[in-house]
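Some notes on the structure that comes next.
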Amino acid sequence: ASHCLRRNQAVSTEEVIPWCQFMQEKGVKRILSLLGDDEVEWYAEPIADSLAAHGFDGNHYTRAGVFVDGAVEVMLDAFKRADAAGEKIVVHCSGGGGRASLG
């Protein structure tokens, strides 16, 4: 199902900041996002910009829409770079109950 949010219903930057702080407190250095092109629109500000402003720049943030050709290669590359750097990586999607779920 497609989610249509008005800008005032979008995920705010104020909600992204504590998430960044939590990951940093846990020693996470990299993020692999499985958000699709439609899902990045759910954020009030571009999610990549918000993350970069709080310690996860383009070298530490990778987005791979899982339903796009080449996504597996992008994901594997993100894991390889994190492993080579000895850095923790977190995987996230829009809700945590599907693509990035451990359950």
Side-chain angles (χ1 to χ4, degrees):
S2 177
H3 295 274
C4 296
L5 296 175
R6 292 187 306 271
R7 194 56 96 185
N8 65 350
Q9 294 174 315
V11 177
S12 70
T13 301
E14 290 74 28
E15 293 173 278
V16 174
I17 293 169
W19 181 59
C20 290
Q21 293 168 336
F22 175 79
M23 289 187 294
Q24 290 166 338
E25 290 168 4
K26 301 298 180 187
V28 173
K29 301 288 185 189
R30 296 176 182 264
I31 299 170
L32 171 58
S33 170
L34 305 182
L35 296 175
D37 289 342
D38 61 327
E39 293 167 319
V40 295
E41 299 297 322
W42 297 356
Y43 291 82
E45 304 294 328
I47 183 70
D49 293 348
S50 296
L51 294 173
H54 295 92
F56 297 97
D57 63 18
N59 293 320
H60 294 89
Y61 170 70
T62 303
R63 186 171 71 87
V66 296
F67 305 110
V68 177
D69 287 341
V72 171
E73 291 80 7
V74 171
M75 289 183 256
L76 289 174
D77 183 61
F79 286 120
K80 288 177 185 175
R81 286 185 287 126
D83 186 54
E87 296 176 335
K88 291 181 182 180
I89 187 169
V90 69
V91 179
H92 90 94
C93 60
S94 63
R99 292 160 280 186
S101 177
L102 297 176

Is the shortest side-chain heavy-atom distance between [X] and [Y] below 4.5 Å?
{"X": "Trp19", "Y": "Ile31", "result": "yes"}
{"X": "Cys20", "Y": "Leu51", "result": "yes"}
{"X": "Leu35", "Y": "Trp42", "result": "no"}

What are the two closest heavy atoms between [X] and [Y], and how far apart are they?
{"X": "Phe56", "Y": "Tyr61", "answer": "O-CB, 3.7 Å"}
{"X": "Ala10", "Y": "Tyr43", "answer": "CB-C, 3.8 Å"}
{"X": "Ile47", "Y": "Val40", "answer": "CG2-CG1, 4.2 Å"}

About how many Å separate CE of Met23 and NE2 of His60, when rounded to the nearest 0.5 Å?
12.5 Å

Show every donor-acceptor pair shorter than 3.5 Å between a side-chain atom in residues 67-85 and any protein atom, with sequence neighbours excluded, or say none if there are none.
residue	atom	partner	partner atom	Å
Asp77	OD2	Arg81	NE	2.9
Arg81	NH2	Thr62	OG1	3.0

Does anything in residues 55-67 form a salt bridge (Lys or Arg N to Asp or Glu O under 4.0 Å)? List the pairs, not counting sequence neighbours.
Asp37-Arg63

Can you run down the salt bridge (Lys or Arg N to Asp or Glu O under 4.0 Å) pairs that involve residues 13-31, sequence neighbours left out, and say none if there aren't any?
Arg30-Glu87

Is a donor on one side and an acceptor on the other found under 3.5 Å between the side chain of Gln24 and the backbone of His54?
yes

